[in-house]
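In what follows, a structure is listed as structure tokens, so that the remarks can point back to it.
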Amino acid sequence: MRPLDTAYMWDLVPVIASYVPLTLFMAIVAMAAALTLGSALAIVRVLRVPVLDRIVAVFISFFRGTPLLVQLFLFYFGLPQVVPAMTGIDGVTAAIIGLTLHFSAYMAESIRGAILGVDRSQWEAAQSIGMTQGQLLRRIILPQAARTAAPTLMNYFIDMIKSTSLAFTLGVTEMMGAAQKEAAGSFLYLEAFLVVALFYWVIVETLSVGQRRLESSLGKAVAR
Amino acid sequence: MSCQIEITGLVKRFGDNTVLNGIDLCLEPGERVAIIGPSGTGKSTILRCLNWLDKPDQGTIRMGDVTVDAARATKAQILALRRRTGFVFQNYALFANKTARGNITEGLTTVRGWSAEKAQAKADDILTQIGLADRGDSFPAAMSGGQQQRVGIGRAMALDADLMLFDEPTSALDPEWVGEVLDLIRRIADGRQTMLIVTHEMQFAREIADRVVFMEGGRIVEQGPPAQIFGNPQDDRTRAFLRRVG
Ligand SMILES: Nc1ncnc2c1ncn2[C@@H]1O[C@H](COP(=O)(O)OP(=O)(O)O)[C@@H](O)[C@H]1O
Ligand SMILES: [Mg+2]
């Protein structure tokens with residue numbers, strides 16, 4: 001067994017670090033979009049909006065039932081062959097769209113569960129004082145559901161960050177892609193992938209600390 | 001005397017279970033009406049239909065100048081009806097993400113479009129009336145059942161509704177909190193607020209009601225002044241029920 005080339009690893013740190021913003025950019029944009037879409041899907045499900053409800057159910061089932069990698073290939077390589085508007089799509093955009101759709105399906109289910117977890121009588125109380133469906137969702141139900149769903153949604157965000165590494169299969173040079181290129185030149189695969197793994201680990205751990213803080217402050221707010 | 005609130009031929013079915021079977025009821029301005037009767041008889045359903053929490057199948061409801069026909073109620077009519085009725089729930093149903101004050105101001109700011117300051121001032125006045133002037137910033141989870149129900153009543157009071165609906169407002173409460181809630185309702189009744197109260201507190205009904213309505217099987221069996229209903233009931237079913245509840 002050869003010793004680890006730690007000097008090489010140190011040299012890689014700034015290289016990989018320069019790709020952290022791209023990884024975070026993809027994750028944050030996709031997270032914001034997935035939260036919005038996921039909430040909308042959840043509301044359609046909860047209100048049992050005619051027709052749309054059925055479509056959304058199939059959408060959720062498809063995006064939860066197939067691998068993210070397959071979905072990304074579909075968007076990047078498959079759809080442009082039949083949808084002319086998508087021919088010029090770049091890897092980053094395709095990755096963001098794929099991550100958004102994939103995670104929105106999961107988030108919709110946990111947001112839906114959280115909405116249904118709010119006591120039914122609060123819906124009725126809100127209706128009884130004359131609030132519209134939109135008002136009562138926005139002011140009463142969703143704030144409580146958000147609190148319940150927050151830990152799960154945070155886990156999806158962490159999952160999302162790790163999943164951005166799949167963008168490398170669409171030709172995007174993000175953290176994983178950069179490590180792959182470096183390794184291909186130096187043949188020091190172990191060192192290169194170890195460095196990128198450590199990067200993901202540190203990012204995720206940092207977020208987990210934030211998550212625990214958030215949860216304990218939310219816990220306090222609920223217990224009061 | 002003319003009716004302020006007039007219910008005509010109200011029918012409500014759940015599947016093939018006819019829960020309200022043609023209810024006619026007229027409330028004069030300032031009249032306080034108590035509904036009594038065995039459980040499962042449709043008492044809550046009447047109140048819920050008046051607030052359109054349950055959608056009646058037939059009949060009309062008139063409140064002041066708003067008339068709603070169950071068969072062709074529009075969204076605007078339903079909202080108009082809701083804005084004229086205040087509903088007090090058996091289990092309080094407070095908004096868990098709002099403080100006591102927030103529960104009271106919500107209908108004023110969000111529904112009526114009042115400014116925050118104006119709504120606050122009104123809420124503080126109501127908090128004083130319900131004896132919770134110092135608990136305005138408390139969340140429901142930090143309050144006793146009695147306090148929560150008083151906030152529930154305050155939330156309904158804030159709407160200055162034509163009609164207040166109370167659905168067994170004390171039956172979810174521990175006995176120690178019943179008195180303070182009844183006291184508050186008694187004070188509202190003393191202000192000649194038109195109200196419809198479903199209650200199993202017979203003594204209370206006798207005390208505050210101008211009229212007592214006895215229901216069974218989705219119909220009004222008998223109604224009249226408390227002295228008559230409790231002292232000299234005409235129908236066998238009323239007599240049997242009153243004997244049972246003692
Ligand atoms: N949402 C509902 N779905 C089906 N049946 C219901 C529903 N709500 C009430 N009921 C039925 O309607 C009847 C009357 O209920 P309710 O008005 O609550 O009675 P009460 O308040 O007099 O005890 C009961 O038999 C009850 O089971
Ligand atoms: Mg009832």
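In what follows, every chain begins at residue 1, and chains take the letters A, B, ... in the order their sequences are listed.
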(message) Once rounded to the nearest 0.5 Å, what's the spacing between atom CG of B:N97 and atom CD of A:Q122?
(response) 7.0 Å
(request) Go through the atoms of B:L165 and report whether side chain, backbone, both or neither lie under 4.5 Å from a heavy atom of chain A. (result) neither
(request) Please state whether the side chain, the backbone, both or neither of B:R112 comes within less than 4.5 Å of a heavy atom of chain A. (result) neither
(message) If I compare all heavy atoms of A:I129 with all of B:L159, which pair ends up nearest, and what's the gap?
(response) CG2-CD1, 3.8 Å
(request) May I ask you to name which of B:R155, B:R48, B:E106 has the most heavy-atom pairs under 4.5 Å with chain A? (result) B:E106
(request) Give the minimum heavy-atom separation between A:Q144 and B:A96, together with the two atoms involved. (result) OE1-CB, 3.4 Å
(request) State whether the number of non-hydrogen atoms from other residues, nucleotides or ligands found under 6.0 Å of A:Q81 atom CD is greater than 12. (result) no
(message) Using every non-hydrogen atom in the two residues, find where A:S128 and B:F89 come nearest and quote the distance to one decimal.
(response) OG-CE1, 3.8 Å
(request) Against chain A, label B:K98 side chain, backbone, both or neither, depending on which of its atoms sit under 4.5 Å from a heavy atom there. (result) side chain
(request) List the atom of A:A125, the atom of B:A93, and the distance in Å for their closest heavy-atom pair. (result) CB-O, 3.3 Å
(request) Write down the atom of B:T110, the atom of A:Q135, and the distance for their closest heavy-atom approach. (result) O-NE2, 3.2 Å
(request) Using the ring pair (Phe, Tyr, Trp, His ring centres under 6.0 Å) rule, collect all pairs that involve residues 75-105 of chain A, keeping only residues at least two apart or in two chains. (result) A:F73-A:F77, A:H102-A:Y106
(request) Name the region of B:F95, side chain, backbone, both or neither, that has any atom closer than 4.5 Å to a heavy atom of chain A. (result) both
(message) Counting only heavy atoms from other residues, nucleotides and ligands, does the tally under 6.0 Å from CZ of B:R186 exceed 12?
(response) yes
(message) At under 4.5 Å between heavy atoms, what parts of residues 77-87 of chain B are in contact with chain A? List them by residue number.
(response) B:L79, B:R82, B:R83, B:T85, B:F87
(request) Give, for atom CZ of A:R120 and atom CG of B:N91, the distance between the pair rounded to the nearest 0.5 Å. (result) 13.0 Å
